[in-house]
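Note: hydrogens, waters and symmetry copies are ignored here, and every other heavy atom, side chains too, is used.
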Amino acid sequence: METNQILETIRMIEEENLDIRTITMGISLLDCIDSNSDKACQKIYDKITRLAKNLVKVGEEIESEYGIPIINKRISVTPIGIIAAASSDKDYVKYAKALDKAAQAVGVNFIGGFTALVEKGYQHGDEILINSIPQALAETEFVCSSVNIGSTKAGINMDAVRHMGYVIKETAAKSDMGCAKLVVFANAVEDNPFMAGAFHGVGEADCVINVGVSGPGVVKRALEKVKGEPFDVVAEVVKQTAFKITRMGQLVGKIASERLAVPFGIVDLSLAPTPAVGDSVAYILEEMGLESVGTHGTTAALALLNDAVKKGGVMACNHVGGLSGAFIPVSEDAGMIDAVNNGALNLEKLEAMTAICSVGLDMVAIPGETSAETIAAMIADEAAIGVINHKTTAVRLIPAKGTKVGDMVEFGGLLGRAPVMKVNDYASTDFILRGGRIPAPIHSFKN
């Protein structure tokens, strides 16, 4: 690299919150399957601690040697709904505790994969796992859970949607942080390194290293230099900036892969915000000329940002995957929080934005009294956006006990804080109680 590029990267790290958001080791647990759940859990613990024993150490060495902050070191595993199905257990909390114990032993901050894939129906173990989620998340510290309830190819499993409405309510009742570690997906991907929705797909290698990059502050600073310029210029600046960010992610991923003797998987080039000042996707959109995110024009601005990030990232890396785009979690983005508090952003506009962004209604706090059927209907709406548009969408809702609209819920750390948002007062109960499946869209038939 030329001297000016090195200095530019140093400035991005020091002044603009550029970082590697996560190095995530994906681990297959298929060879841990056993009809005896005690033996299976021991195999799971042994394999994770054997393969990931140096993950945190290597991440810290790369940070020290290259001066690149690596915020999180994480693990994703094969969906436990598949692994535990061989046992005769009536709940799978034991498996969650095995994952939690392994995560603590190797020092990672999260482990994802307490997961069920039920987009077309339930197999043995899926319902047991889903029913185990509230207790599992209440009794563990590091475990994250996800459920895929729809896909473009299969349609939407409305029985599972209804089920998850009740599970989210029960999870909120059992623990304050449980719902922050639970994601409901449509079109979930198998190589996502970001929590809480990460799991290691059955089509993946036995063990891989996936990297998630970030840098909203870098993009905003770059756009400050082209105030008033046409959108062609804006798109080009975002594309070039995303290229630089992703290049750094690929460098870190390859180094980690070599040192851990594990294949390099993908770089997820998502712009993931944090509560840190200046590290906000909302501020990027406002830099394009919006008085506040949420006003008219927000969806168009987000579309430009998402597309330009992907174009720049794909040029920078051989293997791009995961979710890749722009995340808009309310609690983790200072600009999004401001927009909710000043009345510029509501749930309906946020839902429109999710047709463009990487995920969906992410880290959204709603009144604790919100019914399970209303939560299920919100899941169904997000799933429909994903299924119809061939994209991943997700819901991470937090029904905050004892709160009303406008209250602030504190999560701490990267999860930040979230204003409680207003939910539509009209019921969706009869709609949700129909059950069954919403058929796959006509354009799902590609063969």
Side-chain angles (χ1 to χ4, degrees), residues 214-224 226-239 241-242 269-275 277-312 323-366 378 381-382 384-386 388-389 391-397 405-406 416-424:
S214 191
V218 179
V219 177
K220 181 184 182 297
R221 184 69 65 90
L223 290 182
E224 290 174 0
V226 292
K227 285 187 183 294
E229 296 286 344
F231 284 113
D232 314 73
V233 176
V234 172
E236 185 63 24
V237 168
V238 173
K239 189 168 66 174
T241 306
L269 47 94
S270 297
L271 291 180
T274 72
V277 175
D279 202 26
S280 161
V281 169
Y283 292 164
I284 298 173
L285 305 180
E286 291 169 3
E287 187 59 37
M288 292 185 196
L290 304 173
E291 183 178 359
S292 173
V293 68
T295 190
H296 304 294
T298 298
T299 308
L302 184 58
L304 182 154
L305 175 65
N306 221 45
D307 183 64
V309 164
K310 290 180 179 181
K311 286 174 178 173
L323 300 170
S324 289
F327 287 2
I328 52 171
V330 174
S331 77
E332 300 167 23
D333 189 312
M336 299 287 285
I337 293 170
D338 291 343
V340 172
N341 286 336
N342 67 28
L345 181 63
N346 56 29
L347 269 177
E348 287 72 21
K349 183 62 177 180
L350 194 60
E351 182 180 298
M353 293 166 67
T354 65
I356 303 297
C357 74
S358 289
V359 193
L361 296 178
D362 191 17
M363 287 300 291
V364 173
I366 57 177
M378 295 168 75
D381 282 344
E382 277 303 307
I385 290 172
I388 294 297
N389 290 292
K391 71 181 293 292
T392 303
T393 50
V395 166
R396 189 163 41 150
L397 296 171
V405 174
R417 59 197 183 98
V420 177
M421 299 183 71
K422 185 181 187 306
V423 174
N424 196 301

Participant: Under the side-chain contact (heavy atoms from CB on, under 4.5 Å) test against M378, which residue among L397, V395, N424 passes?
Facilitator: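 Result: among L397, V395, N424, L397 is the only option passing the side-chain contact (heavy atoms from CB on, under 4.5 Å) with M378.
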Participant: Measure the spacing between NZ of K311 and CD of E236 and express it to the nearest 0.5 Å.
Facilitator: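 If we round to the nearest 0.5 Å, K311:NZ and E236:CD are 9.5 Å apart.
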Participant: Mind listing the closest non-hydrogen atom pair of A418 and S331 along with its distance?
Facilitator: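 Looking at all heavy atoms of both residues, the closest pair is CB-CB, 3.6 Å.
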Participant: Side chains of T392 and V359, heavy atoms from C-beta outward: is any pair under 4.5 Å?
Facilitator: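 A side-chain contact under 4.5 Å is absent here.
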Participant: Just wondering, do K422 and L347 contact through their side chains at under 4.5 Å, heavy atoms?
Facilitator: no
Participant: So, does T393 use its side chain to make a donor-acceptor pair with the main chain of G360 at under 3.5 Å?
Facilitator: no
Participant: Counting only N and O atoms by type, is there a donor-acceptor contact under 3.5 Å from the side chain of D307 to the main-chain atoms of A303?
Facilitator: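 Not confirmed, D307 side chain does not pair with A303 backbone.
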Participant: Counting C-beta onward and ignoring hydrogens, is there a side-chain heavy-atom pair between V219 and L305 closer than 4.5 Å?
Facilitator: yes
Participant: Are there more than 12 heavy atoms of other residues, nucleotides or ligands under 6.0 Å from atom CD of E291?
Facilitator: no
Participant: So, does K310 use its side chain to make a donor-acceptor pair with the main chain of S270 at under 3.5 Å?
Facilitator: no
Participant: For S280 and K220, which I'm curious about, is there any donor-acceptor pair between the side chains at under 3.5 Å?
Facilitator: no
Participant: Do K227 side-chain atoms and E287 backbone N/O form a donor-acceptor pair below 3.5 Å?
Facilitator: no
Participant: Are side-chain heavy atoms of R396 and L361 found at a separation under 4.5 Å?
Facilitator: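 Answer no - side chains too far apart.
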Participant: Looking at G294 and L345, what are the two nearest heavy atoms and their distance?
Facilitator: CA-CD1, 4.0 Å
Participant: How long is the span from the NZ atom in K349 to the OG1 atom in T354, to the nearest 0.5 Å?
Facilitator: 11.0 Å
Participant: Do V293 and M336 come close enough that some side-chain heavy atom pair is under 4.5 Å?
Facilitator: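 Side-chain contact under 4.5 Å: yes.
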Participant: Once you round to the nearest 0.5 Å, how far does CD1 of I337 lie from CG of N342?
Facilitator: 12.0 Å
Participant: Rounded at 0.5 Å granularity, tell me how far CE in M421 sits from CG in L350.
Facilitator: 5.5 Å
Participant: Is the backbone N or O of T295 less than 3.5 Å from a side-chain atom of T298, with the two atoms forming a donor-acceptor pair by type?
Facilitator: yes
Participant: Would you check, one step at a time, whether the test side chain to side chain contact (heavy atoms under 4.5 Å, CB included) holds for R221 with T241?
Facilitator: CA-CA 10 Å; R221 184 69 65 90; T241 306; over 6 Å; no
Participant: Looking at side-chain heavy atoms only, is the closest gap between F231 and L304 below 4.5 Å?
Facilitator: yes
Participant: Can you measure from CD1 (I284) to CD (E224) and round to the nearest 0.5 angstrom?
Facilitator: 10.5 Å
Participant: Does the side chain of H296 come within less than 4.5 Å of L290's, by heavy atoms?
Facilitator: no
Participant: Is a side-chain N or O of N306 found less than 3.5 angstrom from the main chain of I356, in a donor-acceptor match?
Facilitator: yes
Participant: Less than 4.5 Å apart, side chain to side chain, heavy atoms only: is that true for D333 and I328?
Facilitator: no
Participant: Once rounded to the nearest 0.5 Å, what's the spacing between atom CG of D381 and atom CD of E351?
Facilitator: 4.5 Å
Participant: On a heavy-atom basis, which atom in S292 and which in E286 lie closest, and how many Å separate them?
Facilitator: CA-OE2, 3.5 Å
